[in-house]
Structures are given as structure tokens and as C-alpha cells.
Amino acid sequence: MKFKATILDETAIKRAMTRISFEVVERVPLDNAVLVGIKTRGVPLAQIISNNINASSGILLPVYELDITHYRDDVHHEVLVNTPDALLPFEGKDVILVDDVLFTGRTTRAAIEAIMDAGRANSIRLAVLIDRGHRELPIRADFVGKNVPTSLKEEIVVHLKGRDGEDSVSIYERD
């Protein structure tokens, strides 16, 4: 892949996540809300939202990690199914699903299916750092850090400090 540009640096990511956090506070009943980060980079983003909300309102939203591997429709090998996710307390909750990039919508579909298997949530909303378009399913994000129109030859790469050593979002062109 060929590097094209850095879309967001550490400061811009922080600003986008702060804006998403304030939008959640304005639009979601916090007394009934939980944050669910899609493994891998959705989890630290959900934690950032929780910390931001706690700092501004004094309410600490619980953060859960969701592994959607066995719900994906593009995995064609047998997957060992872990069931702890089925025990997560989503029943009657206002779930805020968090991911790094929204592209085709297939990851989000798989996550919604996993949440529904774990209990009937009151509502499910989607927060993403980047929405790059090209949806294959009728899914849209409720909270978006940045819309980045891309071509199908491009790829968005998110790096988060806790996992990758730096906070950045870059765009690459596939060969």
C-alpha cells in the first residue's frame, strides 16, 4: 500500500472523540446507557467516550468489549465460539456501539446481531471515528468523528496509542 495522507493527527482525534462524547450526552439517556466497543480498536475508542462523559458529567458509562468473529459473513472457516458475550447485560439498555471505521456496514451488522443474541436492547446507536462511505447494507452512524469520502482502491488505517504507539488516521492507496 502507498501512503497518501494523514487525515487526523492526535489532536484532531481527541477533538473528534470529544465532540462524539458531547453528542452522546445530548442524545442518549445516560442512566440507562452502556458503551460496546467492537474488538479491536472500537474498545479503546469506547473507553475514551466513557472517560470524556465522566469528566463532563460525572457519570461513568460501563464499557464492554464485543468480539464479532463468529457473526461475520466473510469468515468461511469454522470458528470456536466463546459465549461470555452472551452474558453481557444489554437487556433493556441503550447501547452505543463503537467502532473505528464504518465502511460496508458488515461489521456493524455482525455486532448488532451479537448484541441482539445477548439480550433485547432498548436501542442501539452507532458511533464511529471515520465514516468512509461505500455501504453495502442500509446502516448509518448516529455519531461520526469525520466523514472521509474514499475510492474503493483506498484504505483507511487507524492507529491508537494504547495499541499502536500513536494516535493517527491515514489514507493509503492499494497497489
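As a basis for the values below, the full set of heavy atoms in this structure was taken, side chains included, without hydrogen atoms, waters or symmetry mates.
- Note that the CZ atom of R27 and the CG atom of D94 stand 12.5 Å from one another [nearest 0.5 Å].
- Using a 4.5 Å cut-off between side-chain heavy atoms of Ile, Leu, Val, Met, Phe, Trp and Tyr, with links allowed through other members, I48 and V101 fall into the same hydrophobic cluster.
- Between R109 and E113, at least one side-chain nitrogen of the basic residue sits less than 4.0 Å from a carboxylate oxygen of the acidic one, meeting the salt-bridge criterion.
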E23 and R19: CA distance, side-chain angles, deciding distance, side chain to side chain contact (heavy atoms under 4.5 Å, CB included) verdict: CA-CA 6 Å; E23 289 177 10; R19 186 176 57 254; 3.7 Å; yes
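- You'll find the side chain of E173 stays beyond 4.5 Å of the side chain of E155, heavy atoms only.
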Residues I38, T107; criterion side chain to side chain contact (heavy atoms under 4.5 Å, CB included); working and verdict: CA-CA 9 Å; I38 299 175; T107 297; 4.0 Å; yes
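- When every heavy atom of V95 is checked against every heavy atom of F90, the shortest pair comes out as CG2-CD2, 4.2 Å.
- Counting all heavy atoms, side chain and backbone alike, S170 lies closest to T6 at OG-OG1, 3.7 Å.
- Residues A16 and L129 share a closest heavy-atom pair of CB-CD1, 4.1 Å.
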F143 vs V28, side chain to side chain contact (heavy atoms under 4.5 Å, CB included): CA-CA, chis, key distance, verdict: CA-CA 11 Å; F143 311 102; V28 178; 4.0 Å; yes
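- The closest side-chain heavy-atom distance from I49 to I96 is not below 4.5 Å.
- Among all heavy-atom pairs drawn from S151 and R132, the shortest one is O-NH2, 3.1 Å.
- Of the possible polar contacts, none joining the S50 side chain to the L60 backbone as a donor-acceptor pair under 3.5 Å is found.
- Linking ILVMFWY side-chain heavy atoms closer than 4.5 Å, directly or via other members, places V98 and L30 in a single hydrophobic cluster.
- Ionic pairing of D167 and K14 is not present here: no N-O contact between side-chain nitrogen and carboxylate oxygen is shorter than 4.0 angstrom.
- Contact of the D9 side chain with the V169 side chain is not registered, since no non-hydrogen atoms from C-beta on lie closer than 4.5 Å.
- H134 is not listed as a side-chain neighbour of T104, based on a closest heavy-atom distance of 4.5 Å or more.
- Between I130 atom CD1 and F103 atom CZ the span is 13.5 Å, to the nearest 0.5 Å.
- K146 places a side-chain heavy atom less than 4.5 Å from the side chain of I7.
- Within the 4.5 Å cutoff, side-chain heavy atoms of V158 are placed close to those of L160.
- Criterion: ILVMFWY side-chain heavy atoms under 4.5 Å apart, direct or through other members. Under it, L126 and V36 are part of a common hydrophobic cluster.
- Distance check, rounded to the nearest 0.5 Å: CD1 of I171 to CG of L8 gives 11.0 Å.
- Here the closest non-hydrogen pair linking G92 and N32 is O-ND2, 2.8 Å.
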Steps toward side chain to side chain contact (heavy atoms under 4.5 Å, CB included) verdict (T108, L97): CA-CA 8 Å; T108 303; L97 189 59; 4.2 Å; yes
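- The closest side-chain heavy-atom distance from K161 to E166 is not below 4.5 Å.
- The closest side-chain heavy-atom distance from D99 to L102 is not below 4.5 Å.
- The shortest non-hydrogen separation linking V25 to S56 is CG2-OG, 4.5 Å.
- Taken together through direct or relayed side-chain contacts under 4.5 Å among Ile, Leu, Val, Met, Phe, Trp and Tyr, I112 and I68 form part of one hydrophobic cluster.
- Counted within 6.0 Å of CZ on F22, heavy atoms from surrounding residues, nucleotides or ligands total 12 or fewer; the atom is thus considered open.
- Hydrophobic clustering (ILVMFWY, side-chain heavy atoms < 4.5 Å, transitive): V34 and L45 are in distinct clusters.
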Stepwise side-chain hydrogen bond (donor to acceptor under 3.5 Å, both in side chains) check, S123 with R125: CA-CA 7 Å; S123 67; R125 292 179 176 93; 3.2 Å; yes
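- Here the CZ-CD1 distance, from R106 to I139, works out to 9.0 Å after rounding to the nearest 0.5 Å.
- With respect to R174 and E154, no salt bridge is recorded, no charged nitrogen being found less than 4.0 Å from a carboxylate O.
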